[in-house]
Amino acid sequence: MAIKIMGLVHFFQWINKKINSLTIPIPVITVSGITILGLLFFRHLGGFQPLEVRVFDGMMRLRSYEDPDPRLLIVEITEEDIEYLQQWPMSDRILAKVLVSLQKHQPTVIGLDIYRDIPNPPGHSELLEQLQKPNVFAITFIDYNIHDTVGPPPTMPEERIGFNNISIDPDGIVRRNLLFTADSNNKILTAFSLQLAITYLKTYRIYPALTENNEYKLGDVLFKELQSNSGGYQRIDDTGYKILINYRNSKSVAPKITITNVLKGNFDPKLVKNKIVLIGTTAPSAKDLFFTPYSLGRFKLLKMSGVEVHAQITSQIISAVIDDRKLFWYWEESTEILWIIGWSIVSASLAWQIGKPLILVLINFLTLGILTGISYSIFLKMAWIPVAAPAAGIVITGGIVISYKIQESWQQQNMVMKLLGQQTSPEIANALWQERSDLINCGILPPKTVTATILFTDLKNFSTISEKKTSEALMIWLNKYLSAMTDIVINHHGIVNKFTGDGIIAVFGIPVPRNTVEEIAIDAQNAVNCALAMDEHLLELNRQWHQQGAPEIKMRVGIYTGTVTVGSLGGKNRLEYGVIGDSVNIASRLESFEKERHPGICRILIAQETFKYLDGKFQVEFWGDFYLKGKEIPVGVYLVTGKKSFLIN
């Protein structure tokens with residue numbers, strides 16, 4: 001039952017090969033694969049959509065600042081304007097005066113984002129006259145709940161009418177724009193913002209067209225239709241022909257003037273000439289405000305007015321066609337799935353190769369940072385790709401693998417600790433486990449010279465006992481005795497290095513080297529305490545054996561503190577943890593010194609080299625200086641008779 005620490009070398013090497021192997025165990029692959037499939041299914045159900053759109057909003061806000069579009073002008077109706085006019089809605093006459101004032105300065109197109117389906121006298125005929133101008137466009141609204149519309153102004157031709165419906169995502173944010181839709185009669189209608197953009201682009205001789213796949217084009221620019229699973233969406237409503245809004249990252253999409261200033265003629269005519277003019281309310285009381293990706297941005301724009309949203313879309317369309325300002329595009333669904341699976345596999349592989357959980361957490365953060373950086377750089381190229389889903393894949397698959405490794409390591413450690421714990425103290429077993437890399441890298445335990453305390457034991461007249469028992473009975477009897485003594489050694493933080501028949505060789509102070517005098521002293525005192533505990537236990541065993549009619553047993557113990565060399569002994573087919581040196585020999589000589597001089601049940605002899613570390617904590621009897629067998633220098637020999645009692649007066 002001598003400790004075979006070298007047997008652990010092969011065990012540790014096996015662990016190392018498993019850790020460094022790129023072949024992940026089948027259970028881990030299976031669980032990770034099922035997890036990835038579950039991840040994809042959860043994404044298919046739209047589970048990641050709320051996170052993906054939030055990431056989209058954040059990336060929108062991070063983009064660089066863009067100047068307002070000088071080709072547009074917003075004539076806004078503010079709370080101050082309503083107070084100035086002393087009425088809302090404004091009369092047809094006032095609105096007609098606004099149109100007259102603007103038309104004087106030759107705008108390319110005027111978009112009226114104000115409902116005028118019924119007269120609001122006075123001045124209705126004056127307004128109708130202005131609405132007949134070929135560059136004036138009005139709005140209608142399609143109510144899908146009641147399958148009806150809010151009509152445009154009367155006598156307004158269809159080609160100058162656009163619906164002003166704004167698509168709102170489930171979380172209340174406006175990210176998409178509806179270009180075309182059908183009314184209750186399946187008649188195709190065009191968006192208000194698109195009507196304005198088309199009219200403006202005609203001045204550049206750019207006209208709309210349809211591809212063979214019924215995709216919409218303006219000039220050479222294709223407006224790819226947004227699908228229900230485009231980008232980070234999975235279950236978004238895709239009725240009608242929608243695109244993703246590419247907001248201008250600026251405080252205002254275009255220059256603004258108030259309707260009061262228009263009525264007073266207090267504005268620069270250059271703001272109007274050859275421009276797209278949109279008229280609409282920005283007053284909060286009109287309740288035509290919407291949340292956008294910038295609602296929580298650095299500009300603190302809690303909401304954006306409807307007329308500004310239409311201006312954003314109009315600017316987006318003409319900028320894409322004239323300025324080559326890119327529209328958003330998306331990967332195919334299969335590419336997005338491979339993207340998610342790829343990051344999940346990367347995370348699992350890193351987790352498998354990295355052993356330390358803390359380092360893995362840092363690597364996971366780094367991986368998430370790389371994913372975010374790559375995704376954002378692609379986003380700047382106007383591609384919206386999944387970010388939340390692959391991030392979840394990184395965290396979950398990496399977590400599964402590291403959990404498996406932690407559990408595996410815990411099981412391996414338990415196995416090793418159990419093996420070591422049978423013959424060492426828990427502290428030493430843990431120290432061996434912490435230094436397992438040395439065992440793995442060297443293949444053997446390299447020799448180390450350390451200061452340790454050696455304890456030898458032997459039974460007196462064991463041959464007489466063995467003659468009276470059968471070999472089987474002797475084995476049972478001896479195992480009971482050795483098991484008890486081994487437990488005592490372990491409890492006193494020692495290692496049982498070897499059994500010599502009925503004897504024990506124990507070492508205190510290995511395998512972790514002692515570096516201070518205090519540590520060496522603790523080992524020496526542990527060894528002496530161990531011997532005294534053996535004495536007490538042997539007394540109890542003798543009582544039991546006496547009741548069974550067996551003879552009394554006595555023990556001799558020799559203890560010596562000095563330098564020894566520890567490490568591997570043997571060859572590749574058999575390795576043992578060896579302890580050699582003159583200190584071992586002296587401890588052995590002390591145990592066998594003057595065998596017949598045997599006071600008490602357990603005789604404990606120590607040398608001067610151990611005595612000096614005891615700090616007066618034990619009762620000792622100096623026997624004298626003796627030349628031990630094979631030694632040319634005398635050794636001071638002491639008999640330990642017990643512990644000293646310290647009374648506090």
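Computed from heavy atoms alone, side chains included, the values below leave out hydrogens, waters and symmetry copies. Everything numeric here is computed off the predicted structure, so don't read it as measured data.
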Please list, chain by chain and in numerical order, all residues satisfying salt bridge (charged side-chain N to carboxylate O under 4.0 Å, His left out) with Asp625, sequence neighbours excluded. none

So, Glu52 side chain and Ala389 main chain: donor-acceptor pair closer than 3.5 Å or not? yes

Does a side-chain heavy-atom distance below 4.5 Å link Trp477 with Ile553? yes

Any side-chain heavy atom of Leu45 within less than 4.5 Å of one from Gln234? no

So does Phe622 have more than 12 non-hydrogen atoms from other groups sitting under 6.0 Å from CZ? yes

Closer than 3.5 angstrom, by distance alone: can the side chain of Arg589 be matched with the main-chain N or O of Lys629 as a donor-acceptor pair? yes

Just by distance, with hydrogens left out, do Asn529 and Lys643 show a side-chain donor and acceptor under 3.5 Å apart? yes

Can you measure from CG (Leu478) to OG (Ser483) and round to the nearest 0.5 angstrom? 11.0 Å

Out of curiosity, His598 NE2 to Leu639 CG, how far, rounded to the nearest 0.5 Å? 10.0 Å

Is the backbone N or O of Glu591 less than 3.5 Å from a side-chain atom of Arg603, with the two atoms forming a donor-acceptor pair by type? yes

Considering residues, nucleotides and ligands other than Glu472, do more than 12 of their heavy atoms fall under 6.0 Å from its CD? no

Specify whether Tyr481 and Trp545 have parallel, tilted or perpendicular ring planes, treating 30° as the upper limit for parallel and 60° as the lower limit for perpendicular. tilted

Between side-chain atoms of residues 37-44 and protein atoms elsewhere (two or more places apart, or another chain), which donor-acceptor pairs fall under 3.5 Å?
residue	atom	partner	partner atom	Å
Arg43	NH1	Glu333	OE2	3.1
Arg43	NH2	Glu336	OE1	2.5
His44	NE2	Arg235	NH2	3.3

A side-chain contact here means heavy atoms from C-beta on lying under 4.5 Å apart; do Phe456 and Val557 qualify? no

Side-chain contact test, heavy atoms from C-beta onward, threshold under 4.5 Å: evaluate it for Leu368 versus Val395 and give yes or no. yes

His546 atom NE2, over 12 foreign heavy atoms within 6.0 Å: no

Any chance the side chains of Tyr638 and Gln608 put a donor and an acceptor closer than 3.5 Å? yes

Return the CG to CZ distance between Asp171 and Arg54, rounded to the nearest 0.5 Å. 5.0 Å

Are Asp458 and Asp502 side-chain neighbours, meaning at least one heavy-atom pair lies under 4.5 Å? yes

Please determine which of Thr451, Val579, Thr453, Thr449 meets the side-chain contact (heavy atoms from CB on, under 4.5 Å) test together with Val564. Val579

Yes or no on side-chain hydrogen bond (donor to acceptor under 3.5 Å, both in side chains) for Asp169 and Tyr233, after CA distance, side-chain angles and deciding distance? CA-CA 10 Å; Asp169 281 0; Tyr233 290 126; 2.5 Å; yes

Counting N and O atoms only, with roles assigned by atom type, does the side chain of Thr367 sit under 3.5 Å from a partner on the main chain of Ile363, one being a donor and the other an acceptor? yes

How are the rings of Trp623 and Phe593 set to each other: parallel, tilted or perpendicular (split at 30° and 60°)? tilted

Less than 4.5 Å apart, any side-chain heavy atom of Ile522 and any of Phe508? no

For the aromatic rings, using the six-membered ring if either is Trp, is the centroid distance between Phe379 and Phe56 under 6.0 Å? yes

Give a yes or no answer on whether the side chain of Ser347 reaches the backbone of Trp343 with a donor-acceptor pair at less than 3.5 Å. no

Side chain to side chain contact (heavy atoms under 4.5 Å, CB included) between Ile601 and Asp535, worked out: CA-CA 7 Å; Ile601 295 295; Asp535 183 11; 4.0 Å; yes

Heavy-atom side-chain proximity of Met485 to Met555 below 4.5 angstrom: yes

Side-chain contact test, heavy atoms from C-beta onward, threshold under 4.5 Å: evaluate it for Leu614 versus Ile606 and give yes or no. yes

Show, in sequence, the C-alpha distance, side-chain angles and deciding distance for Ile504 and Phe499, and conclude whether the side chain to side chain contact (heavy atoms under 4.5 Å, CB included) test is met. CA-CA 5 Å; Ile504 298 173; Phe499 294 127; 3.8 Å; yes

